Enquirer: 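Could you have a look at this structure, given as structure tokens, before my questions?
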Protein chains: 2
Amino acid sequence: MLYTVSEENYIKAIFHLQGDEGMVTTNALSAELQTRPASVTDMLKKLKTKKLLVYEKYQGFRLSAEGRKVALGIIRRHRLWEFFLSEKLRFSWEEVHEVAEQLEHVTSVKLIDKLDEYLGYPRFDPHGDPIPDRNGKIATHERICITAIPPDHPMEVCHVGNQSPELLDILRHNHIAIGTYLSVRKKFSFDNSLEVCTANGPAFVLSEAVAKHVWMKKIDTI
Amino acid sequence: MLYTVSEENYIKAIFHLQGDEGMVTTNALSAELQTRPASVTDMLKKLKTKKLLVYEKYQGFRLSAEGRKVALGIIRRHRLWEFFLSEKLRFSWEEVHEVAEQLEHVTSVKLIDKLDEYLGYPRFDPHGDPIPDRNGKIATHERICITAIPPDHPMEVCHVGNQSPELLDILRHNHIAIGTYLSVRKKFSFDNSLEVCTANGPAFVLSEAVAKHVWMKKIDTI
DNA sequence: AAAATCATTTAGACAAATCTAAAAAAATAT
DNA sequence: ATATTTTTTTAGATTTGTCTAAATGATTTT
């Protein structure tokens with residue numbers, strides 16, 4: 001079954017808004033998609049008749065098993081293109097999202113599988129988000145927030161939990177990217193800010209607001 | 001100015017139907033696009049108000065200078081993606097067109113310029129068609145139809161003038177692709193068929209219908 | 001040159017995705 | 001428990017791109 005660009009955007013947004021087991025509201029979705037609540041209601045009816053949604057009037061909604069599968073396919077396409085743009089075309093990580101929003105709607109299973117192969121079956125995109133495989137399986141890093149790691153134990157940044165240009169800007173300014181090794185030098189309990197540093201770089205401070213979005217890879221080796 | 005997918009498809013089709021200086025008819029365009037003539041008329045009005053067309057009722061039409069520029073941009077995107085699919089993702093040349101039809105509508109100037117750079121600024125796509133550069137300039141091979149070359153002078157196939165699956169199938173069966181060196185061994189005047197062969201391969205026959213679509217690169221060296 | 005045919009346009013309709021304004025249901029406050 | 005506010009849905013309109021059927025312009029035949 002093929003879906004319109006608009007349907008795909010709704011499905012993807014619902015997937016992101018519903019965590020595990022959560023319900024989504026009409027207003028939340030309309031805010032996410034920058035449309036009017038009335039438009040959302042219309043689309044919900046449509047997605048319900050296509051059996052992608054569990055939805056009863058006034059009760060909130062979430063994706064059905066089938067809807068979830070469709071969402072994972074869209075996210076797979078989005079993140080593979082992000083990886084391609086970043087890795088092959090050398091886009092910076094703030095730039096990839098917008099272009100991938102368009103590329104994700106190109107529907108050719110063969111294209112995506114060949115792209116996946118060409119890229120070497122990457123499991124994480126440039127923001128550290130997992131890329132579903134062709135069966136919808138997603139890998140997970142064992143990860144821990146930088147606010148929670150012990151001081152003076154260098155670890156690798158593996159995920160950024162917010163992709164707003166503002167946050168990406170501040171991270172880039174401090175030379176923090178996926179793969180960067182950081183260690184915490186001091187925690188200031190007054191405002192929960194952190195003094196951190198790279199292996200041979202200068203120390204600098206992350207506010208709590210920034211730090212809570214920075215996640216580190218748990219390393220199982222000693 | 002940005003155009004809808006539908007507008008872009010009309011512009012591209014008009015570009016292909018009008019040769020140099022030619023006019024296009026409503027029926028020809030409706031046949032090309034698999035729509036009804038009435039739908040074409042509707043779109044012509046729209047493209048005219050956007051100044052992409054030279055069009056007076058009942059008189060036929062062609063692209064304006066601006067329309068031509070837009071068309072070349074679309075064709076650039078299409079052919080760069082075809083090259084990418086063929087060269088990097090190893091699609092066969094029959095498969096590239098359909099996927100490129102979708103990818104060509106992704107509008108990001110930066111994406112296309114970076115892709116162009118990544119691919120090494122190719123000047124011809126997998127069918128031997130020229131890829132416009134970012135200013136709309138297109139390279140041309142000096143080329144000659146295989147029906148017109150003298151016998152026993154090996155030359156390189158540089159262009160295939162028809163991309164129907166049927167023709168591509170027959171060419172693939174005979175191991176003819178862009179870059180293949182062929183020489184004509186004999187011309188049969190009865191039906192204008194040609195006996196041709198590769199450097200060390202067996203001889204085989206091309207019917208006139210096939211041969212007239214096969215073009216060879218004129219080599220300026222002796 | 002009138003008749004017949006063919007090409008093109010107009011008129012009116014439809015589906016998809018959106019909107020505004022108003023109504024209805026649910027949640028919250030008094 | 002009733003009133004108020006918030007959320008959600010309905011009703012009806014709009015835009016885009018398409019369609020069919022009918023009308024009109026252009027071309028060809030006799």
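Quick note on labels: first sequence line is chain A, next is B, and so on, each numbered from 1. The figures that follow rest on heavy atoms only: side chains count, while hydrogens, waters and symmetry mates do not. Nothing here was measured: the structure is a model prediction, and the numbers come from that model.
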Enquirer: Within the side chain of B:Arg76, is there an N or O that forms a donor-acceptor pair under 3.5 Å with the backbone of B:Pro132?
Expert: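 Yes; at least one donor-acceptor contact below 3.5 Å.
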Enquirer: Would you tell me if any nitrogen or oxygen in the side chain of A:Asn27 comes within less than 4.0 Å of OP1 or OP2 on D:dT6?
Expert: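 Indeed not, no polar side-chain atom of A:Asn27 lies that close.
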Enquirer: Give a yes/no answer on whether the side chain of A:Ser39 brings an N or O atom under 4.0 Å of OP1 or OP2 in C:dT18.
Expert: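 For C:dT18, neither OP1 nor OP2 has a side-chain N or O of A:Ser39 closer than 4.0 Å.
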Enquirer: Could you go step by step and tell me if B:Glu7 and B:Lys50 meet the salt bridge (charged side-chain N to carboxylate O under 4.0 Å, His left out) rule?
Expert: CA-CA 11 Å; B:Glu7 286 170 336; B:Lys50 296 196 176 186; 2.9 Å; yes
Enquirer: Quick one: B:Asn9 CG to D:dT16 P, roughly how many Å, whole number?
Expert: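 Nearest whole value for this atom pair: 17 Å.
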Enquirer: Looking for any heavy atom pair under 4.0 Å, which part of the strands does B:Thr26 touch: base, sugar-phosphate only, or nothing?
Expert: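 Contact class for B:Thr26: sugar-phosphate only.
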Enquirer: Under 4.0 Å from OP1 or OP2 of C:dT18: is there any side-chain N or O of A:Arg36 that close?
Expert: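 Checking A:Arg36 against C:dT18: no side-chain N or O falls below 4.0 Å of OP1 or OP2.
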Enquirer: So which nucleotide from D:dG25, C:dT10, C:dA26 ends up closest to the side chain of B:Ala38?
Expert: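 When the side chain of B:Ala38 is considered, C:dT10 is the closest of D:dG25, C:dT10, C:dA26.
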Enquirer: Output yes when A:Lys114 and B:Glu95 qualify as a salt bridge under the 4.0 Å nitrogen-oxygen rule, no when they do not.
Expert: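 Salt bridge absent between A:Lys114 and B:Glu95.
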Enquirer: Nearest whole angstrom, please: distance from the P of D:dA13 to the CG of A:Asp42.
Expert: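 Value for this atom pair: 15 Å.
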Enquirer: CD of A:Glu56 versus P of C:dA24: gap in Å, rounded?
Expert: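 Result: 21 Å.
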Enquirer: Touch check for B:Tyr55, heavy atoms < 4.0 angstrom, all strands: base, sugar-phosphate only, or nothing?
Expert: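 Sugar-phosphate, backbone atoms only, no base.
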Enquirer: If I take atom CE in residue A:Met43 and atom C1' in nucleotide D:dT9, what distance separates them, rounded to the nearest angstrom?
Expert: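 So the two atoms are 16 Å apart, to the nearest Å.
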Enquirer: Kindly indicate whether a cation-pi arrangement holds for B:Lys88 with B:Tyr118, taking the cut-offs as under 6.0 Å to the six-membered ring centre and within 45° of the axis.
Expert: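 Pair B:Lys88/B:Tyr118 counts as cation-pi.
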Enquirer: Indicate whether OP1 or OP2 belonging to D:dA26 is found under 4.0 Å from a side-chain N or O atom of B:Lys57.
Expert: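 So the side-chain polar atoms of B:Lys57 never come under 4.0 Å of the phosphate oxygens OP1 or OP2 of D:dA26.
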Enquirer: Whole Å only: how far is the NZ atom of A:Lys48 from the P atom of D:dT8?
Expert: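 Atom NZ in A:Lys48 sits about 16 Å away from atom P in D:dT8.
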Enquirer: Could you say whether B:Ala28 or A:Ser6 is positioned toward the 5' end of DNA chain C, judged by the nucleotide with the nearest heavy atom to each?
Expert: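 Upstream on the strand: B:Ala28.
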Enquirer: Looking at every strand, decide which applies to B:Phe61 at a 4.0 Å heavy-atom threshold: base, sugar-phosphate, or nothing.
Expert: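 Result for B:Phe61 = nothing.
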Enquirer: For B:Lys45 and D:dT18, give me the distance from atom NZ to atom P, rounded to whole Å.
Expert: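 Atom NZ in B:Lys45 sits about 14 Å away from atom P in D:dT18.
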Enquirer: With a cut-off of less than 4.0 Å, is there a side-chain N or O of A:Tyr10 near OP1 or OP2 of C:dT18?
Expert: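 So the side chain of A:Tyr10 is within the cut-off, an N or O lying under 4.0 Å from OP1 or OP2 of C:dT18.
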Enquirer: Evaluate whether atom CZ of A:Arg143 has more than 12 neighbouring non-hydrogen atoms of other residues, nucleotides or ligands under 6.0 angstrom away.
Expert: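 Buried by this count: over 12 neighbours within 6.0 Å.
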Enquirer: Rounding to an integer number of Å, can you tell me how far A:Leu47 CG sits from C:dA16 C1'?
Expert: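 Rounded to whole Å, this separation is 13 Å.
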Enquirer: How many Å lie between CD on A:Gln59 and P on C:dA26, as a whole number?
Expert: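 Result: 7 Å.
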